[in-house]
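Take a look at the structure set out below.
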Amino acid sequence: MTATEFLIGGERRVRRLGFGAMHLSTEPGPARDSSLAVARRAVELGVTLVDTAHLYGGGANEQLLAEALHPYPDELLVTTKVGVARTGPDGEWRLDGRPAVLRDQVEQALRWLRVERIELLQLHRIDPETPLADQLGTLRELRDEGKVGRIGLSEVTADELDRARRIVDVASVQNRYNLLDREHEPVLAACEAAGIAFLPWRPVAWGESGQRSEVAAVAAEAGATPSQIALAWLLGHSPVVLPIPGTARIAHLEENLAAEGVELSPAQRERLDGLCESPGDGTAP
């Protein structure tokens, strides 16, 4: 049976199958009410890792989660991301890892989430126009000040992860990764070797018709849905993988979380492994 828990940073226990809040609506009305219900249902069903970001509505997603879940259960970890800001020439979103911007977004997140410390803060993207040491040095300072518990990265290469670990302890990496998209297999391997949590975003995605048909065939054999097969494959692929599937529907949420109970036979796993014959070399995000 696949282990269902993981210690982030070697100390913070979470359920491996988490929840990504990006799809939750923050606009007033029925959709927002439904989003609040989905977030609450996730926690009711035992989710202990919820992922959000400043980018998701400029803090509106963080405010929504606080409204739905605060005061947070002791076991719940809400992670957020900083480093993308409306600082482009016309106020558009752009990568921005300048220390002042990162500090401001962390202060906002503390207010929006109604917490004194962000237990896991991830750099949404590395800003190529700001020295990496300045970006990670700022997050390290915030950690030393007690405003951040652990530091993570998002959408990095294996080389960038290695360089980052020379500057600061890295507790997590959040890269795009799924059954049919394994470009970042080398990054996952590096995380596994170091005991770093790997949070695949877009953990469920569909490729060519032949691939979809094979996944559907395995799902039929296992008495599961294709989405559950994709998540079950991730959970069994590496013990450091913490999928964070997102949805705005309770039925879909419940379907995703039930993937923990799906058992894949060695033969089924071999068939699924073969759907992606050429994982990337991890040299480009």
Side-chain angles (χ1 to χ4, degrees), residues 7-12 51-56 58-59 62 77-89 92-113 115-177 183-201 240 242 280-285:
L7 293 176
I8 295 182
E11 57 184 3
R12 183 61 189 255
D51 174 80
T52 183
H54 178 83
L55 176 63
Y56 308 160
E62 295 167 328
L77 187 157
V78 178
T79 175
T80 193
K81 299 182 287 294
V82 295
V84 185
R86 285 190 180 278
T87 53
E92 71 270 20
W93 291 100
R94 63 181 290 271
L95 301 185
D96 197 334
R98 291 176 295 173
V101 171
L102 296 179
R103 278 190 166 274
D104 181 60
Q105 290 189 354
V106 168
E107 293 293 348
Q108 290 182 55
L110 291 169
R111 292 196 303 272
W112 299 145
L113 290 171
V115 295
E116 295 182 355
R117 184 170 89 156
I118 299 167
E119 293 299 332
L120 176 61
L121 178 75
Q122 301 179 99
L123 184 63
H124 208 144
R125 295 289 189 277
I126 292 176
D127 176 7
E129 297 181 5
T130 302
L132 181 61
D134 290 354
Q135 297 175 69
L136 297 181
T138 299
L139 301 188
R140 184 179 57 209
E141 290 171 2
L142 289 161
R143 184 196 63 194
D144 293 343
E145 293 167 14
K147 296 178 179 180
V148 170
R150 300 158 194 84
I151 296 169
L153 304 171
S154 179
E155 207 60 9
V156 293
T157 65
D159 178 66
E160 289 169 336
L161 173 59
D162 181 63
R163 289 193 288 123
R165 293 184 65 209
R166 299 176 192 177
I167 300 170
V168 68
D169 291 334
V170 176
S172 69
V173 169
Q174 185 171 330
N175 277 20
R176 188 188 70 248
Y177 186 90
E183 175 186 350
H184 292 297
E185 192 75 37
V187 183
L188 172 56
C191 287
E192 186 171 328
I196 295 171
F198 185 89
L199 285 63
W201 62 270
V240 304
L242 282 63
D281 60 9
T283 58

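Worth saying up front: this structure is predicted, and the values here are computed from it rather than measured. One is the number of the first residue; the rest follow in order along the sequence.
Taking 4.5 Å as the limit, every side-chain heavy atom of V168 sits out of range of all side-chain heavy atoms of L139.
Under the side-chain contact (heavy atoms from CB on, under 4.5 Å) criterion, W201 pairs with R125, E155, Q174, R176, not counting sequence neighbours. A133 is linked by a side-chain contact (heavy atoms from CB on, under 4.5 Å) to I167, counting only residues two or more places apart in sequence or in another chain. In this structure A171 satisfies the side-chain contact (heavy atoms from CB on, under 4.5 Å) test together with I8, L120, R150, sequence neighbours excluded. Remark: E92 pairs with P89, D90 by the side-chain contact (heavy atoms from CB on, under 4.5 Å) rule, at least two apart or across chains.
Across D127 and G97, no two heavy atoms sit closer than the pair OD2-N, 3.0 Å. Across every non-hydrogen atom of I126 and L95, the tightest pair is O-CD1, 3.7 Å.
A side-chain donor-acceptor contact under 3.5 Å links Q105 to the backbone of V84. Listed for the N175 side chain is a donor-acceptor partner under 3.5 Å among the backbone atoms of V156.
For residues 131-143, every residue pair satisfying the salt bridge (Lys or Arg N to Asp or Glu O under 4.0 Å) rule, not counting sequence neighbours, is listed here: R103-E141. For residues 128-160, no residue pair satisfies the ring-ring contact (aromatic ring centres under 6.0 Å, His included) rule, not counting sequence neighbours.
Atoms OH and CD, on Y56 and E62 in that order, are 10.5 Å from each other to the nearest 0.5 Å.
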